[in-house]
*Asks:* 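Starting off with a structure, shown below.
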2 protein chains.
Amino acid sequence: MNLQPLVLALLEGGPLYGYLIAQRARKKAGLKWEEGTLYPLLHKMERGGLVRSEWREAPGERRRKYYALTRSGHAALAGARTDWREQVKAVSRILLGGRHADAR
Amino acid sequence: MNLQPLVLALLEGGPLYGYLIAQRARKKAGLKWEEGTLYPLLHKMERGGLVRSEWREAPGERRRKYYALTRSGHAALAGARTDWREQVKAVSRILLGGRHADAR
DNA sequence: TTAATTACCTAGATAATCAAGGTATGAACC
DNA sequence: GGTTCATACCTTGATTATCTAGGTAATTAA
């Protein structure tokens with residue numbers, strides 16, 4: 001399904017940690033989101049420079065690793081939005097019939 | 001991207017052979033469709049009972065292997081359409097923002 | 001007769017995702 | 001104090017889809 005764009009979009013509103021990302025995705029989209037997919041993906045995105053991570057700990061709280069979009073992550077998100085709209089159009093044209101789809 | 005639903009949709013209008021399916025997909029959707037993907041997919045769909053195939057040859061023409069939807073293929077297509085609409089909604093909600101997407 | 005297009009195919013590599021675990025901390029309960 | 005549940009991170013190995021890069025053979029065009 002290509003989950004990377006969704007991670008980018010969820011991080012647009014500000015830094016989040018992995019566990020929260022998974023929850024948001026489930027809640028917002030009903031996607032079953034395996035942690036075995038999410039964490040390696042986050043690591044890969046960090047290696048690719050799309051996000052940066054930072055451990056945060058407060059006394060009496062558990063450690064959480066927050067991920068934030070980089071400049072290049074913002075750019076990738078913009079590209080992913082365009083790609084998605086085009087993909088919706090292309091697939092819908094074939095799958096749903098003549099009229100083009102409206103991705104919004 | 002999951003190409004199987006597209007094959008099912010293209011076959012809805014009547015039997016087609018593989019090479020034509022690839023062309024239609026490219027023309028209709030601008031998808032670069034590798035034959036190394038298409039033929040194994042058709043074989044798998046035939047094993048799964050979604051399509052059946054038949055060689056046709058006319059004098060002075062080349063042999064072509066036509067694929068046609070089975071009853072179960074039609075059912076799978078209906079399911080794929082529903083799935084696609086839901087997926088567009090879910091992904092668009094996260095990726096494009098608040099309002100749900102209209103897959104048609 | 002040579003080259004391009006049509007039409008089928010396969011084998012191996014790559015990439016994304018899933019399944020199924022593991023570790024450790026904090027909260028809730030009795 | 002001990003148990004259990006939810007949180008929060010992670011990895012390894014398998015599965016699956018797709019791509020790359022070929023191969024074969026027949027028809028058409030130059």
Side-chain angles (χ1 to χ4, degrees), chain A residues 1-8 10-11 15-27 29-48 50-68 76 80 83-84 87 90-91 95, chain B residues 1-8 10-11 15-27 29-48 50-68 76 80 83-84 87 90-91 95:
Chain A
M1 191 187 268
N2 202 9
L3 303 174
Q4 177 171 301
L6 301 183
V7 173
L8 293 171
L10 289 168
L11 290 178
L16 296 177
Y17 55 97
Y19 199 80
L20 242 191
I21 294 175
Q23 282 188 321
R24 296 268 172 96
R26 278 194 214 96
K27 200 173 170 187
L31 300 170
K32 66 169 180 177
W33 196 302
E34 304 302 331
E35 299 191 350
T37 305
L38 178 61
Y39 287 112
L41 175 59
L42 285 170
H43 301 159
K44 186 191 148 202
M45 290 168 71
E46 186 170 21
R47 283 196 306 278
L50 301 177
V51 297
R52 76 171 59 87
S53 70
E54 175 196 4
W55 281 102
R56 294 189 196 170
E57 23 195 338
E61 265 192 2
R62 89 179 44 244
R63 299 168 78 230
R64 288 170 183 143
K65 198 177 189 177
Y66 279 80
Y67 288 88
D83 291 349
W84 171 246
Q87 190 190 324
V91 172
L95 194 57
Chain B
M1 190 188 268
N2 202 7
L3 302 174
Q4 177 171 302
L6 301 182
V7 173
L8 292 171
L10 289 168
L11 291 177
L16 295 177
Y17 55 96
Y19 199 80
L20 241 191
I21 293 175
Q23 282 188 321
R24 295 266 172 97
R26 278 194 214 98
K27 200 172 169 187
L31 301 170
K32 66 168 183 178
W33 195 301
E34 305 303 331
E35 298 191 351
T37 305
L38 177 61
Y39 288 111
L41 175 58
L42 285 170
H43 300 159
K44 185 191 149 202
M45 290 169 70
E46 187 170 20
R47 284 197 306 278
L50 302 178
V51 297
R52 74 171 60 88
S53 71
E54 174 197 5
W55 282 102
R56 295 190 195 168
E57 22 195 338
E61 267 191 3
R62 89 177 49 241
R63 299 168 78 230
R64 288 169 183 146
K65 198 178 187 177
Y66 279 81
Y67 288 88
D83 291 349
W84 172 246
Q87 190 189 325
V91 172
L95 195 57

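Numbers restart at 1 for each chain; the letters A, B, ... are given by sequence-line order, proteins then strands. Worth saying up front: this structure is predicted, and the values here are computed from it rather than measured.
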*Asks:* Between A:R63 (CZ) and C:dA24 (C1'), how many Å, whole number?
*Replies:* 10 Å
*Asks:* Specify the separation, in whole Å, of atom OH of B:Y66 and atom C1' of C:dC8.
*Replies:* 14 Å
*Asks:* In whole Å, what is the span from the CH2 atom of A:W55 to the C1' atom of C:dT25?
*Replies:* 12 Å
*Asks:* For B:Q23, what residues pass the side-chain hydrogen bond (donor to acceptor under 3.5 Å, both in side chains) criterion, not counting sequence neighbours?
*Replies:* none
*Asks:* Looking only at non-hydrogen atoms, find the nearest pair between B:L6 and A:V91 and report the distance.
*Replies:* CD2-CG1, 3.8 Å
*Asks:* Between which nucleotides of DNA chain D, 5' to 3', does chain A make heavy-atom contacts below 4.0 Å?
*Replies:* D:dT7 to D:dT11
*Asks:* Tell me the interatomic distance from A:R62, atom CZ, to C:dA28, atom C1', rounded to whole angstroms.
*Replies:* 14 Å
*Asks:* Taking side-chain contact (heavy atoms from CB on, under 4.5 Å) as the test, write out the residues that go with A:A90, two or more places apart.
*Replies:* B:A29
*Asks:* Indicate whether OP1 or OP2 belonging to C:dC8 is found under 4.0 Å from a side-chain N or O atom of B:Y39.
*Replies:* yes
*Asks:* Pairs of donor and acceptor atoms involving the side chains of residues 57-66 of chain B, under 3.5 Å and at least two apart or interchain, shall be tabulated with distances.
*Replies:*
none

*Asks:* Atom CZ of B:R64 to atom C1' of C:dA7: distance rounded to whole Å?
*Replies:* 8 Å
*Asks:* Can you tabulate the close N/O pairs, meaning under 3.5 Å, that link protein atoms to atoms of nucleotides 16-19 of chain C?
*Replies:*
{"residue": "C:dA16", "atom": "OP1", "partner": "A:K44", "partner atom": "NZ", "Å": "3.2"}
{"residue": "C:dA16", "atom": "OP2", "partner": "A:K44", "partner atom": "NZ", "Å": "3.4"}
{"residue": "C:dT17", "atom": "OP1", "partner": "A:M1", "partner atom": "N", "Å": "3.3"}
{"residue": "C:dT17", "atom": "OP1", "partner": "A:N2", "partner atom": "N", "Å": "2.5"}
{"residue": "C:dT17", "atom": "OP1", "partner": "A:L3", "partner atom": "N", "Å": "3.3"}
{"residue": "C:dC18", "atom": "OP2", "partner": "A:T37", "partner atom": "OG1", "Å": "3.2"}

*Asks:* Measure the shortest side-chain to side-chain distance between B:L38 and B:V7 over non-hydrogen atoms and say whether it is less than 4.5 angstrom.
*Replies:* yes
*Asks:* Among residues at least two apart in sequence or on other chains, which ones pass side-chain hydrogen bond (donor to acceptor under 3.5 Å, both in side chains) with B:T37?
*Replies:* none
*Asks:* Please list, chain by chain and in numerical order, all residues satisfying side-chain contact (heavy atoms from CB on, under 4.5 Å) with A:E54, sequence neighbours excluded.
*Replies:* A:R56
*Asks:* Rounding to an integer number of Å, can you tell me how far B:E61 CD sits from C:dA7 C1'?
*Replies:* 12 Å
*Asks:* Could you tell me which residues satisfy side-chain contact (heavy atoms from CB on, under 4.5 Å) with A:N2, sequence neighbours excluded, listed by chain and number?
*Replies:* A:Q4, A:P5
*Asks:* For the residue pair B:Y19 and B:Y39, establish whether any side-chain heavy-atom pair is separated by less than 4.5 Å.
*Replies:* yes
*Asks:* Provide, to the nearest angstrom, the distance between the OH atom belonging to A:Y19 and the P atom belonging to C:dG26.
*Replies:* 16 Å
